[in-house]
Visitor: 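Got a structure for you, questions after.
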Protein chains: 2
Amino acid sequence: MQNYRAIAVSKKAQQWAKIPKAWRLPTERFQDANNVMNIPLTCGLLNGTEASITSDYDATALLGQLKAGVWSVEEVTIAFCKRAAIAQQLTNCLTEIFFDDAIERAKKLDLKYHANSGGKALPPLFGLPISLKDSFQVRGYDTSTGLGCYVGEPAEDNSALAAMLLDLGAVLYCKTNLPQSIMTGDSDNNVFGRTLNPRNKLLTAGGSTGGEGALLALRGSVLGVGTDIGGSIRVPSVCNGVYGFRPSVGLVPHGGVRDLTPPGTDGVHSTAGPLSTSLRDCSLFLKSILQADTWKHDSTSISVPWIDLEPRHKLRIGVALNDGVYTPSPPVRRGLKQAVDLLRGNNDIQLIPINLPDVKSHCQDHISYMTLLGSDKKHYYEQFARTSEPVVRSLKAIGLLSVPGTTLQGFFDLNVRRAEAAKTYLKLFRDNDLDAILMPPAPHTAVPLDCWTTATYTGLWNYLDYPAIVIPVDQVRDIDSADDLSNAKFGADDEQLYSLCRDHFFPNQIRPRLTHASIDTGPEQYKDAPVSVQIVGYKHKDEALIKAAAVLDSIINKI
Amino acid sequence: MQNYRAIAVSKKAQQWAKIPKAWRLPTERFQDANNVMNIPLTCGLLNGTEASITSDYDATALLGQLKAGVWSVEEVTIAFCKRAAIAQQLTNCLTEIFFDDAIERAKKLDLKYHANSGGKALPPLFGLPISLKDSFQVRGYDTSTGLGCYVGEPAEDNSALAAMLLDLGAVLYCKTNLPQSIMTGDSDNNVFGRTLNPRNKLLTAGGSTGGEGALLALRGSVLGVGTDIGGSIRVPSVCNGVYGFRPSVGLVPHGGVRDLTPPGTDGVHSTAGPLSTSLRDCSLFLKSILQADTWKHDSTSISVPWIDLEPRHKLRIGVALNDGVYTPSPPVRRGLKQAVDLLRGNNDIQLIPINLPDVKSHCQDHISYMTLLGSDKKHYYEQFARTSEPVVRSLKAIGLLSVPGTTLQGFFDLNVRRAEAAKTYLKLFRDNDLDAILMPPAPHTAVPLDCWTTATYTGLWNYLDYPAIVIPVDQVRDIDSADDLSNAKFGADDEQLYSLCRDHFFPNQIRPRLTHASIDTGPEQYKDAPVSVQIVGYKHKDEALIKAAAVLDSIINKI
């Protein structure tokens, strides 16, 4: 097999060739900017209609316009292909690019349903452009997942979800970047390189669905699909200020996704879910999928039907200020407090303070589940070795490659402990009669490159298989000053992580006296980083969660 | 710990003391009869009302009468306690007896809802007596599962299902017998002894939910709950001529069931489901449970809501004449043919001949899943050794105690193979657009004691986790003559099993010339054995299966 460098050079060239010359940006215009969020609209590549199509609508509204025939599918598809091309040039967020196929399909959809209609019923996702994480197989394109060894092996079949989305009338036009191993909080690999955070290049775009996060932030897509086994949908949602929904395992078809874990592995499973620019788009996605007989597309799916339920009149929301393992940084605390204050002022919401029991040990077991056979040599390294590719920095940083494996009895022991945890958390929901839990999605906002090393806030819910949604609520502000390390009360690991945020608040290592009174230095490194909250529901009650989250979102974000 | 013999003697004495003197049968009246089905009504213990209450209604109709106040809950409870006491004396079908508690509860229900009503809404299962397999914990009573080592340890809590049924208004009054290990087709153990088949003592009552089967057949219960990991609901349903429904795993709460498998075991799971005297009672059970927030009671449950769906107008039913491993015996073939002929004559049914792929290897893997850690020494034997109890004959016969264990990698390999099988069977359903599969529930009817050694017809669906229902259609008749061994086409194992039936048809070993023309000897040994069919649905589509099965049952049994 070729060396990974040669593979990467040729793959990148192929990728570049997929972007029409007329859609290419003069790089000198933006390459020094840390924040590139305004460039899609200022670069001059999008005409007025394209700018409006891609800027002014969420997927739900866009679908309405498409179905009403305000724009043709072709117009909408070209607008998003163009904007995705811009996003790619700004943040390196794409892997496979198939704009040409997408436009071809768009024309056919226009022809079939509009030009030559005869009143044909429109499919549920008629003409809606949807982007997919690279790990979803799309026929005719690689599913390299950023590994050299899988480049140049076009998929023979669509993954179950890609097939479903096409059946539902969607237009697929690109796949997006992810980390080597699909396991880290930085979407960086040896084939495609690193995806940058469009709000601040000094911060990670998140992972493992980081390409989607950056693409959505720049509105090169309004609806993307990622996967999440420890936070891989929610972490990039946090980093990029978009909505991200991790459904219960099996509800959204996951068949035909390359997830790099050993075949037949069990215990915790990756789950597929949407990233979007509105809460109702997560709902649109889930509803469209659940109403469409997932079982027919994927033998691994769990058919929980969408039942159009109404949220309870007075929602009971548990509030967890932290996970008892890592102390949230000042902007995260402020974001949660803002949300809590707004909810407290609403008569339809009842807030119940709760603590999350034993998160640390549960998350240790979660990591054990993800590395049952041991991750030290066999699996990942073998794949890397085929093209002599090195381990990327973020993968080294999380230490996932040195976790020892276990035995069948060890696996059973993990199951026993998790069954106990499931009882405890059910009791938490039941005894407090909760509709959902409101909490931080992470102990920090987007962090500097290759520094996202923890997943307790997200991973707990993968361990228990509870659905969870990330909702952006604000961004880092000057008032979010770093404060005393003594705020980190959960031990040495907590202190170390807390200082990561603090030290980067003061990048020159000039530490002010660490008392609240004396701190007024602004969070320079974290400029423009989004601040989000996480809302968690009970296992398999995904529709109930989304309905409750919509109520909370409408209050918190005054929608 | 005491020797099992002493434990058994004292337990049986305790059990006997729980049957009021007035409800005891003069044993000389029936002890020589092979078929005791008519004794409950001829023994003189039931008065006219009790006879009617226990004979003339299924659970659905009985519930209607209870809700209408035709009889008090107390009257109904006493009637079923009495008839269960009779069934116990005839077939040894009970383990824990709590008639007194049940009657006490019945009085309270009467008081709460009728005598002193004020228009309180009646709970869904108001006053309905329900029997449970011994493995369901009921507070205050042993969950010995027939093992000496667990006798005398009353449960501190109700199992999730027992708690739910009580919440729903049901009356629990007894638990029922099962085999040592809960894994065989004969409900025989060293504490309670063997449950007899009330239709024919020479035949097994089935297992592992054999106590329920015999109790239901004698109408000492109209709704019982068992568990099924390889056929344990369906086998006794076949043996006793009752309806039995194996739901998909997790739909009916299974928490707090003692199933004797090693803690934390995974791969295949036991599932809880009903045995009943009508198809609609299986539906009543599932609907009542699924409408009642199973998740609140059991952290292991999968919340698939009941959605009151309508069966498709023209049902498409796949017909599998055999499983490709064992040839059905003549009465089983005839029963299926009768059903097929009736369905073929109906315009609302479309029959599609199908073959079931690779059943043999799937069922080998199914057994591997059930014995992941190896069953040769550690687990079962350790439990038996505590009271020096011997292995019962049926457990020796099935060979389960000598299966070697596997490794974590071996477990993953099983998962990979099953994922492939799941794809194949999904394709079978999808390509044929099937609503359900009609097939035999076993290659034979009830067999002589300790001879039920195969589970391919039932176990395949545990392996794939598809819901399956047994429907009684007829009984063995004189026309079901044994025929030539050459009918057994699937190899040596098939021939051997086929000859079990044939040889017992001719118990004196006088073999007539084995050509169709010359055979007219009747099936003496199998006299009165019920003949049933099995209807199988797709995973998690339990409601759809039950609705389809109701249509088929109405045609096959002309209901």
Side-chain angles (χ1 to χ4, degrees), chain A residues 160 248-250 255-256 261-267 293-309 372-374 378 405-427 429-431 433 464-465 538-544, chain B residues 160 248-250 255-256 261-267 293-309 372-374 378 405-427 429-431 433 464-465 538-544:
Chain A
S248 303
V249 169
T261 50
T265 193
D266 214 331
D293 281 341
T294 55
W295 69 274
K296 287 189 181 167
H297 290 84
D298 186 358
S299 58
T300 69
S301 73
I302 296 177
S303 302
V304 173
W306 184 269
I307 53 174
D308 277 324
L309 58 80
L372 286 171
L373 289 185
K378 278 181 282 192
T406 185
T407 60
L408 189 58
Q409 182 61 59
F411 174 64
F412 286 12
D413 295 343
L414 284 168
N415 290 343
V416 169
R417 288 201 292 276
R418 183 164 61 176
E420 280 308 311
K423 282 185 198 167
T424 303
Y425 275 80
L426 167 56
K427 201 167 142 49
F429 260 80
R430 203 182 42 201
D431 289 359
D433 191 17
L464 292 168
D465 194 16
Y538 192 77
K539 183 172 178 172
H540 299 143
K541 296 287 180 191
D542 296 52
E543 183 185 348
Chain B
S248 302
V249 169
T261 51
T265 193
D266 215 331
D293 281 340
T294 55
W295 69 274
K296 287 190 181 168
H297 290 84
D298 186 357
S299 58
T300 68
S301 72
I302 296 177
S303 301
V304 174
W306 184 270
I307 52 174
D308 277 324
L309 60 78
L372 286 171
L373 289 185
K378 279 181 281 193
T406 186
T407 60
L408 190 58
Q409 182 63 59
F411 174 63
F412 285 12
D413 296 344
L414 284 168
N415 290 343
V416 169
R417 287 201 293 276
R418 184 165 59 177
E420 279 310 309
K423 281 185 199 165
T424 304
Y425 275 81
L426 167 57
K427 200 166 142 51
F429 260 80
R430 203 182 43 202
D431 290 359
D433 191 18
L464 293 168
D465 194 15
Y538 192 76
K539 184 173 178 172
H540 299 145
K541 296 287 180 193
D542 296 52
E543 183 184 347

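Letters A, B, ... mirror the listed sequences (proteins, then strands); counts begin at 1.
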Visitor: Within this structure, what is the CD-OG1 distance for the pair Gln409(A) and Thr265(B), rounded to the nearest 0.5 Å?
Guide: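 Answer rounded to 0.5 Å: 9.5 Å.
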Visitor: Against chain A, work out which of Leu414(B), Val416(B), Asp413(B), Leu464(B) has the most heavy-atom pairs shorter than 4.5 Å and name it.
Guide: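 It is Val416(B).
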Visitor: Do the rings of Trp295(B) and Phe429(A) sit parallel, tilted or perpendicular, given the 30° and 60° boundaries?
Guide: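 Trp295(B) and Phe429(A): perpendicular rings.
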Visitor: In terms of heavy-atom proximity below 4.5 Å to chain B, should Leu372(A) be classed as side chain, backbone, both, or neither?
Guide: both
Visitor: What part of Lys427(A) gets closer than 4.5 Å to chain B, counting heavy atoms only: side chain, backbone, both or neither?
Guide: neither
Visitor: My understanding is that only residues two or more places apart in sequence, or in another chain, count here; which of them pass ring pair (Phe, Tyr, Trp, His ring centres under 6.0 Å) with Phe411(B)?
Guide: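 For Phe411(B) the ring pair (Phe, Tyr, Trp, His ring centres under 6.0 Å) partners, ignoring immediate neighbours, are Phe411(A).
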Visitor: For residues 296-303 of chain A, give me every residue with a non-hydrogen atom less than 4.5 Å from any non-hydrogen atom of chain B.
Guide: Lys296(A), His297(A), Asp298(A), Ser299(A), Ser301(A), Ile302(A), Ser303(A)
Visitor: Find out whether Arg430(B) and Asp293(A) are in side-chain contact, i.e. whether some heavy atom of one side chain is under 4.5 Å from a heavy atom of the other.
Guide: no
Visitor: Arg418(B): what forms a salt bridge (charged side-chain N to carboxylate O under 4.0 Å, His left out) with it, not counting sequence neighbours?
Guide: none
Visitor: Kindly give the heavy-atom pair with the smallest separation between Leu373(A) and Leu408(B), and that separation in Å.
Guide: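 So the minimum-distance heavy-atom pair works out to CD2-CD2, 3.8 Å.
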Visitor: Considering only heavy atoms and a distance below 4.5 Å, find which of Pro262(A), Gly410(A), Ala419(A), Pro305(A) pairs most often with chain B.
Guide: Pro305(A)
Visitor: Restricting to side chain to side chain donor-acceptor pair (under 3.5 Å), what partner residues turn up for Asp465(B), sequence neighbours left out?
Guide: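 With sequence neighbours excluded, Asp465(B) shows a side chain to side chain donor-acceptor pair (under 3.5 Å) to Arg246(B), given in chain and number order.
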Visitor: Could you look at Tyr425(A) and say if it's the side chain, the backbone, both or neither that has a heavy atom under 4.5 Å from chain B?
Guide: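 Looking at Tyr425(A), nothing touches chain B.
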